[in-house]
Amino acid sequence: MGRELPTDADVVVLGGGVIGLATAYHLARRGLPRVVLLDKAQFGSGSTCKSAGGVRAQFSDEINIVLGQHGLRVLENFAQTFGQEIDLHQVGYLFLLDDPGDVATFEASVALQNSLGVPSRMLTPAEAQRLSPLISTDGLLAAAFSPEDGHCTPESVCLGYAGAARRAGATLLPGCAATGADVDRSGAAPRITAVHTEAGTVRTEQVVIATGAWSREVGGWFGLDLPVEPLRRQIVTTEPVPGLRPDTPMTVEFSSTFYFHNEGPGLLIGMSDPQETPGFKLGRDDAWLPGLIDAMERRAPSLAEVGIAGGWAGLYEVTPDANGLVGTAADLPGLHYCTGFSGHGFLLGPALGEVMADLVQGRDPLVDIGGFDVSRFAGQRLRPEINIV
Ligand SMILES: Cc1cc2nc3c(=O)[nH]c(=O)nc-3n(C[C@H](O)[C@H](O)[C@H](O)COP(=O)(O)OP(=O)(O)OC[C@H]3O[C@@H](n4cnc5c(N)ncnc54)[C@H](O)[C@@H]3O)c2cc1C
């Protein structure tokens, strides 16, 4: 491991993806002396560095809009704050809409976003094509666009947070899996007493669960049901695309989820596979490619001629309403959780790190995240995020 597991910690952050790393950074920077973060593998190697790196404030849920917009501000200043370049391209996110119901939904979302200061707007199909010339407008009814959205490099964001957290005094241990926890329920107020790891035990009364797609098992150690399922998503990158404009927006056909953004001289392309089933499947396969090719031939026909250069598979951490789980366990005040962002957790990570530091320190977070409490499922108070890719 290279570093020793401390015997005691003020807080143990489980998971070294963007959310855990940002949380550890904010806690250490605020002066908490003994912050420990554990990851069973390398930082970012879960979902964060498998993501497409898309960053945006275009959501349907007010909490996600506020957090996304806050995250954009952090990312805009990331190099100055953390000394780490992240290749942020604010080329905008362009959602292509071919269903009248989706147009109405996006119009309502754009109105909400505008009321919160996000400069998103509705476009005609012809306007959309001027921004993203690779697309066909056949069957399109409208589009939604926000110029401050875009994409950046997840590995660099992880590096920036990990380095800054260590400089602020946090102990970050990659390659150290947590294996369980002790909870003392003998008194009136149950409390966490320790986290077990493959390198020994660390005594602590506060834990942050930021274990992404693996959170359900980890929550179970504390008697907390976090309804998060792993669902494989795949990405391909292409050979160079002739004439590719450097300002091509992140372009998403909302109805199929087919999307692309510039990646070097080529494109990064993704799409959901309706046949995919939950599970910890991390290998690539070709079963999704016929659907992807259909979508490309229909929506971006010239791409059907471009060669595939590479690709990878990763896991979405999916909840029943495709919205995040953030809060403090009702019956275990030292247990905080932040997971289940169902495919938009990378861009929310910078803001969520601040939110989680606030929860650990008993402060009011930058936005009221009460609606993200996991208790919403017990009461069937679902809170769907509609604008997911
Ligand atoms: C193909 C794909 C494309 C995506 N595109 C985007 C996008 O464009 N924009 C966006 O915002 N989001 C995107 N996402 C979603 C995004 O990647 C996730 O929402 C986000 O990375 C979640 O961050 P996290 O820190 O919660 O989880 P992770 O990055 O998965 O981190 C969790 C960590 O916990 C560790 N862990 C698990 N169990 C244990 C244990 N027992 N002990 C110690 N450590 C443990 C894991 O090793 C892992 O590193 C995409 C995801 C995929 C798969």
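We use all heavy atoms of the structure for the numbers below, so side chains are in, but hydrogens, waters and symmetry mates are not. This is a predicted model, so every value here is computed, not measured. Residues take their numbers from the sequence shown, with the count starting at 1. Just follow the structure's listing: the first ligand is 1, and inside any ligand the first atom is 1.
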K.L.:
For atom 52 (C) of ligand 1, grab the closest protein heavy atom and report residue, atom and distance to one decimal in Å.
P.N.:
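Of the protein heavy atoms, Y316 CE1, 3.5 Å lies nearest.
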K.L.:
When only distance counts, is K40 in polar contact with ligand 1, meaning an N/O pair under 3.5 Å?
P.N.:
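K40 vs ligand 1: N/O contact under 3.5 Å present.
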K.L.:
Record the part of A213 in heavy-atom contact with ligand 1 below 4.0 Å; permitted values are side chain, backbone, both and neither.
P.N.:
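Answer for A213: neither.
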K.L.:
To which of T48, L348, V157 does the heavy atom nearest atom 29 (O) of ligand 1 belong?
P.N.:
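Looking at heavy atoms only, the winner is T48.
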K.L.:
Is I19 in polar range of ligand 1, meaning some N or O pair under 3.5 Å apart?
P.N.:
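Indeed, backbone or side chain, I19 has an N or O that close.
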K.L.:
Need the ligand 1 atom indices (1-based, order shown) with element for anything under 4.0 Å from a heavy-atom of L38.
P.N.:
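Going through ligand 1 atom by atom, the ones under 4.0 Å from L38 are 43 (C), 44 (N).
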K.L.:
Tell me which protein heavy atom sits closest to atom 12 (N) of ligand 1, plus the residue, atom name and distance to 0.1 Å.
P.N.:
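Here the nearest protein heavy atom works out to G343 O, 3.1 Å.
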K.L.:
Testing R381, E385, R376 one by one against D321 for a side chain to side chain contact (heavy atoms under 4.5 Å, CB included), which residue passes?
P.N.:
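The side chain to side chain contact (heavy atoms under 4.5 Å, CB included) with D321 is passed solely by R376 among R381, E385, R376.
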K.L.:
Between the side chains of Q113 and S120, does any donor sit under 3.5 Å from an acceptor?
P.N.:
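Yes, a side-chain donor-acceptor pair sits under 3.5 Å.
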K.L.:
Does some side-chain heavy atom of V360 sit less than 4.5 Å from a side-chain heavy atom of L27?
P.N.:
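The answer is yes, as the side chains (C-beta and beyond) meet within the 4.5 Å cut-off.
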K.L.:
With a cut-off of 4.0 Å, which atoms of ligand 1 are near a heavy atom of G15?
P.N.:
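Counting from 1, the qualifying ligand atoms are 33 (C), 34 (O), 35 (C).
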K.L.:
List the closest protein heavy-atom neighbour of atom 27 (O) of ligand 1: residue, atom name, distance to the nearest 0.1 Å.
P.N.:
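Result for atom 27 (O) of ligand 1: G212 CA, 3.7 Å.
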K.L.:
Output the list of atoms in ligand 1 that are nearer than 4.0 Å to some heavy atom of L347, sorted by atom number.
P.N.:
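Listed by number with element: 10 (C), 11 (O).
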K.L.:
Less than 4.5 Å apart, any side-chain heavy atom of I135 and any of E253?
P.N.:
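They are not in side-chain contact.
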K.L.:
May I have the step-by-step check of ring pair (Phe, Tyr, Trp, His ring centres under 6.0 Å) for F145 and Y93, ending in yes or no?
P.N.:
CA-CA 6 Å; F145 179 71; Y93 248 73; 9.6 Å; no
K.L.:
Out of G54, A178, S45, whose heavy atom sits nearest atom 9 (N) of ligand 1?
P.N.:
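Looking at heavy atoms only, the winner is G54.
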K.L.:
Kindly identify the option in D39, I235, I209 whose heavy atom sits closest to atom 47 (O) of ligand 1.
P.N.:
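Comparing heavy atoms across D39, I235, I209, the nearest one to atom 47 (O) of ligand 1 lies in D39.
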K.L.:
Give the numbers and elements of all ligand 1 atoms closer than 4.0 Å to a heavy atom of G314.
P.N.:
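So the atoms of ligand 1 that pass are 53 (C).
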K.L.:
Would you name the heavy atoms of I386 and F254 that are closest together and state the gap between them?
P.N.:
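Residues I386 and F254, closest heavy atoms: O-CZ, 3.5 Å.
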K.L.:
Would one find an N or O of F346, backbone or side chain, under 3.5 Å from an N or O of ligand 1?
P.N.:
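In this structure, F346 places an N or O atom under 3.5 Å from an N or O of ligand 1.
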K.L.:
Is G270 near ligand 1, meaning one of its heavy atoms is under 4.0 Å from it?
P.N.:
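The answer is no: ligand 1 sits nowhere under 4.0 Å from a heavy atom of G270.
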K.L.:
Any side-chain to backbone donor/acceptor pair from H261 onto A52? Under 3.5 Å, distance only.
P.N.:
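Side chain of H261 to backbone of A52, a donor-acceptor pair under 3.5 Å: yes, one is there.
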K.L.:
Is there a polar contact, in the sense of an N or O pair closer than 3.5 Å, between L315 and ligand 1?
P.N.:
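Between L315 and ligand 1, no N or O pair is found under 3.5 Å apart.
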K.L.:
Compare G349, G17, A177 and give the one whose heavy atom is closest to atom 31 (O) of ligand 1.
P.N.:
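Ranked by closest heavy atom to atom 31 (O) of ligand 1, first place is G17.
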K.L.:
Just jot down the ligand 1 atoms closer than 4.0 angstrom to any heavy atom of H344, in number order.
P.N.:
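What qualifies from ligand 1 is 10 (C), 11 (O), 12 (N).
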K.L.:
Please report the closest heavy-atom contact between Q234 and A313, naming both atoms and the distance.
P.N.:
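Between these two residues, the closest heavy atoms are CG-CB, 4.0 Å.
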K.L.:
Short list, please: which atoms of ligand 1 are under 4.0 Å from a heavy atom of E317?
P.N.:
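Those qualifying, in numeric order: 18 (C), 19 (O), 20 (C), 22 (C).
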K.L.:
Should the ring pair F341 and H344 be called parallel, tilted or perpendicular, given that the plane angle runs from 0 to 90° and is split at 30 and 60?
P.N.:
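Rings of F341 and H344: perpendicular, over 60°.
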K.L.:
Identify the protein heavy atom lying closest to atom 28 (P) of ligand 1, giving its residue, its atom name and the separation to 0.1 Å.
P.N.:
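For atom 28 (P) of ligand 1, the nearest protein heavy atom is S47 N, 3.5 Å.
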K.L.:
Would W214 count as a polar contact of ligand 1, with the cut-off being nitrogen or oxygen pairs under 3.5 Å?
P.N.:
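It does not: no N or O of W214 is found under 3.5 Å from an N or O of ligand 1.
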K.L.:
Which of the atoms in ligand 1, numbered in the order shown and given with their element, are less than 4.0 Å from a heavy-atom of A52?
P.N.:
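The atoms of ligand 1 under 4.0 Å from a heavy atom of A52 are 3 (C), 4 (C), 5 (N), 6 (C), 8 (O).
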K.L.:
If we count only N and O atoms by modelled type, under 3.5 Å, do the side chains of H70 and E354 hold a donor and an acceptor together?
P.N.:
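Note: H70 and E354 side chains meet the donor-acceptor criterion.
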K.L.:
Out of L325, I209, V318, which residue meets the side chain to side chain contact (heavy atoms under 4.5 Å, CB included) rule with V228?
P.N.:
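So, applying the side chain to side chain contact (heavy atoms under 4.5 Å, CB included) to V228 and each of L325, I209, V318, only L325 qualifies.
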K.L.:
Establish, from distance only, whether the side-chain atoms of N262 and H89 form a donor-acceptor pair under 3.5 Å.
P.N.:
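Short answer, no.
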K.L.:
Starting from atom 32 (C) of ligand 1, locate the nearest protein heavy atom and write down its residue, its atom name and how far away it is, to 0.1 Å.
P.N.:
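In this structure, atom 32 (C) of ligand 1 has A210 O, 3.5 Å as its nearest protein heavy atom.
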K.L.:
Around atom 2 (C) of ligand 1, find the nearest protein heavy atom and jot down its residue, atom name and distance.
P.N.:
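Result: K50 O, 3.5 Å.
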K.L.:
Check this for me - ligand 1, V18, N or O atoms closer than 3.5 angstrom, yes or no?
P.N.:
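It does: an N or O of V18 is found under 3.5 Å from an N or O of ligand 1.
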K.L.:
I need the nearest protein heavy-atom contact for atom 50 (C) of ligand 1: residue, atom name and distance, please.
P.N.:
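That would be S51 CB, 3.4 Å.
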K.L.:
Can any side-chain N or O of T197 pair as donor or acceptor with the backbone N or O of A199 at less than 3.5 Å?
P.N.:
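Yes; at least one donor-acceptor contact below 3.5 Å.
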K.L.:
Distance-only, no hydrogens or angles: does the S45 side chain make a donor-acceptor pair with backbone N or O of A41 under 3.5 Å?
P.N.:
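No; zero donor-acceptor contacts below 3.5 Å.
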K.L.:
So, the side chain of S132 versus the backbone of L134: is there a donor-acceptor pair under 3.5 Å, distance only?
P.N.:
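Such a contact is absent between S132 side chain and L134 backbone.
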K.L.:
Can you confirm whether or not the ring centre of F78 sits under 6.0 Å from the ring centre of Y161?
P.N.:
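That pair passes the under 6.0 Å test.
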K.L.:
Closer than 4.0 Å to some heavy atom of R233 - which atoms of ligand 1 meet that?
P.N.:
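Listed by number with element: 1 (C).
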